[in-house]
Amino acid sequence: MTDTNGTSRVHQAAINGTLEGRGPVDPAWSARVRRLAEERGAVILAHNYQRPEIQEVADHVGDSLALARLAASSSAPVIVLCGVYFMAETAKILSPSRTVLIPDAGAGCSLADSITADQLRAWKAEHPDAAVVAYVNTSAAVKALADVCCTSANAAEVVSAIPASREVLFLPDQFLGAHVRRVTGRENLHVWAGECHVHAGISPQALREMATANPEAELYIHPECGCGTSALWQAGTGDLPASRTRVLSTGGMLEAAKSSQATAVLVATETGMLHQLRKANPAVRFEPVNPHATCHYMKMITPAALERCLRDGETEVFVDADVAAQARRAVEAMITIGPATASGSGPGSGSGSGSGSGPVGGASASGSGPGPVGAASGPGSGPVGTASASVPAPAAAR
Ligand code: 13P
Ligand code: SF4
């Protein structure tokens, strides 16, 4: 195990590790990476969707919320973020005095690209009293216009922390927004019509076919998925097993996997997640709902790119000081809300935060029930929200 610095320990587990179905981790590469990290004073943080080799060599593996919390608490002079660009920006916002590196600065995010700062300004102008909740999958410029950020691990808690009478603008993911609306039962939540191309591609039909072929299996569904709303609907009608259908962040999936008694679990999210799940509970058969659900942005962080990054100190991530100062308020509010188990842990053992919600029976009992996404989504429709102790008051001038 390691502390958040994680800079001084040789990663024997990684060096001796194996990549399921793909042979051993290259021990010479692992040793070079760990040596370079130590020389640079770098902590390596990796998202659950990273390539198995990267997960194995990292100091910590976790979901978005866990990585943000780790970046905020790390005392390492250098943070290497093995994930996508908005995650590296978030680390820089939270730790402005540290050097933040990303192995490939081209690692973007289709979801983050689905709303610009100008679009958000225009949406806010239509709803001047609304609280703005921005998913962490957004640019720093968009975060700077938000009142509070959230991840899939704490989205419902963040929205619930806003007084019920106040309008909320939730962005940019329409499927997560529909999920939050269902869980919180909030009618005054307006949802932006963005989506992640990877999760949107996990269809209700694929889920139904897999569930039919594996009647004993549990279902873990990431709330960004295109199948999420209909899965909850189908669980409500008995088409899917309600007691075994769970909507979870990636960290929540990992927590659930550790204690699962199921023989099989069908996983609706990016396929990189399977590495941690299979390690967490080898007795369970974890299968992807869509084996082609791969985020090519996440996979841009190759072993060669990580080694180059540590060797050459590139690419450094910068966020404009004014934008960072505005965004910090919203991001810091985010990391104080939600599941407390916010740590990716030690090399390759990676836990994350959050439990999302589920089983479905519990979620739908407190929610407003599944409905067509169109009803919940689209900029500028629906009702209200307010701020609480943990959610900063809106900055009207932004
Ligand atoms: P988590 O917040 O569950 O880590 O997933 C977010 C995601 O899609 C990262 O791109
Ligand atoms: Fe963005 Fe989707 Fe890739 Fe996550 S999986 S980084 S949301 S494009």
Side-chain angles (χ1 to χ4, degrees), residues 18-23 46-56 61-64 83-84 109-111 152-153 173 175-176 179 195-232 234-235 239-241 244-258 260 262-301 348 350-352 354 356 358-360:
T18 58
L19 306 179
E20 197 168 341
R22 300 175 51 189
H47 189 264
N48 287 323
Y49 297 162
Q50 288 289 290
R51 294 167 184 269
E53 302 92 313
I54 303 293
Q55 296 189 28
E56 288 297 323
V61 184
D63 67 6
S64 307
V84 293
C109 170
S110 57
L111 182 55
S152 57
D173 191 83
F175 299 114
L176 179 62
H179 172 67
E195 65 182 26
C196 152
H197 70 291
V198 179
H199 286 90
I202 302 177
S203 69
Q205 189 189 356
L207 181 66
R208 189 201 290 261
E209 282 170 11
M210 284 290 284
T212 304
N214 297 273
E216 78 296 351
E218 287 183 352
L219 313 180
Y220 291 179
I221 301 169
H222 195 279
E224 284 177 24
C225 284
C227 62
T229 296
S230 69
L232 296 181
Q234 288 170 39
D239 271 5
L240 290 176
R244 289 183 278 123
T245 301
R246 307 185 65 182
V247 178
L248 298 163
S249 71
T250 60
M253 288 183 187
L254 197 51
E255 287 307 308
K258 286 175 187 164
S260 176
T263 53
V265 174
L266 307 179
V267 182
T269 193
E270 210 273 352
T271 54
M273 189 66 221
L274 295 165
H275 182 65
Q276 290 296 328
L277 293 174
R278 288 170 178 162
K279 281 178 64 170
N281 194 339
V284 178
R285 182 168 56 84
F286 292 95
E287 296 292 342
V289 170
N290 178 352
H292 305 295
T294 300
C295 176
H296 70 279
Y297 297 119
M298 284 282 180
K299 295 339 185 213
M300 289 170 80
I301 312 303
S351 68
V360 164

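The first residue of the sequence shown is numbered 1, and numbering continues consecutively from there.
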What pairs of donor and acceptor atoms, side-chain ones from residues 198-206 against any protein atom, are under 3.5 angstrom apart with sequence neighbours left out?
| unit_1 | atom_1 | unit_2 | atom_2 | d |
| --- | --- | --- | --- | --- |
| His199 | ND1 | Glu224 | OE1 | 3.1 |
| His199 | NE2 | Tyr49 | OH | 3.3 |
| His199 | NE2 | Thr269 | OG1 | 2.8 |
| Ser203 | OG | Ala206 | N | 3.0 |
| Gln205 | NE2 | Glu209 | OE2 | 3.2 |

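- In terms of modelled atom types and a separation under 3.5 Å, the side chain of Asp173 and the main chain of Leu176 share a donor-acceptor contact.
- In this structure, Ser110 and His197 approach most closely via the heavy-atom pair OG-ND1, 2.6 Å.
- Counting heavy atoms from C-beta on, the side chains of Met210 and Leu219 never come closer than 4.5 Å.
- Between the side chain of Asn281 and the backbone N or O of Ser260 there is at least one donor-acceptor pair closer than 3.5 Å.
- Taking the side chain as every heavy atom from C-beta outward, Val289 and Val267 never approach each other to under 4.5 Å.
- A donor-acceptor contact under 3.5 angstrom links the side chains of Glu56 and His275, judged on distance only.
- Remark: Glu287 engages Arg285 in a salt bridge (charged side-chain N to carboxylate O under 4.0 Å, His left out) (not counting sequence neighbours).
- Gln276 is not listed as a side-chain neighbour of Met253, based on a closest heavy-atom distance of 4.5 Å or more.
- For the pair Thr271 and Pro291, the tightest heavy-atom approach, listed with the atom from each and the gap, is CG2-O, 3.6 Å.
- Between Arg51 and Ile301, every side-chain heavy-atom pair lies at or beyond the 4.5 Å cut-off.
- Side-chain N or O atoms of Glu218 include none that pairs as donor or acceptor with a backbone N or O of Val265 at under 3.5 Å.
- Atoms OG and CZ, on Ser152 and Phe175 in that order, are 15.0 Å from each other to the nearest 0.5 Å.
- Contact record, Asp63 with Asn48: N-ND2, 3.4 Å, taken as the closest heavy-atom pair.
- One finds the CD atom of Gln55 at 9.5 Å from the NE2 atom of His47 (value rounded to the nearest 0.5 Å).
- Nearest heavy atom pair, residue Ala256 against residue Leu248, reads CB-CD1, 4.0 Å.
- Judged purely by atom type and a 3.5 angstrom limit, Glu270 uses its side chain to pair as donor or acceptor with the backbone of Cys295.
- The two atoms that bring Ala262 and Val284 nearest to each other are O-CG2, 3.3 Å, heavy atoms only.
- The two atoms that bring Pro223 and Val247 nearest to each other are CB-CG1, 3.8 Å, heavy atoms only.
- In this structure Thr263 satisfies the side-chain contact (heavy atoms from CB on, under 4.5 Å) test together with Glu216, sequence neighbours excluded.
- The structure places CG of Leu240 at 10.0 Å from CG of Leu266, a figure rounded to the nearest 0.5 Å.
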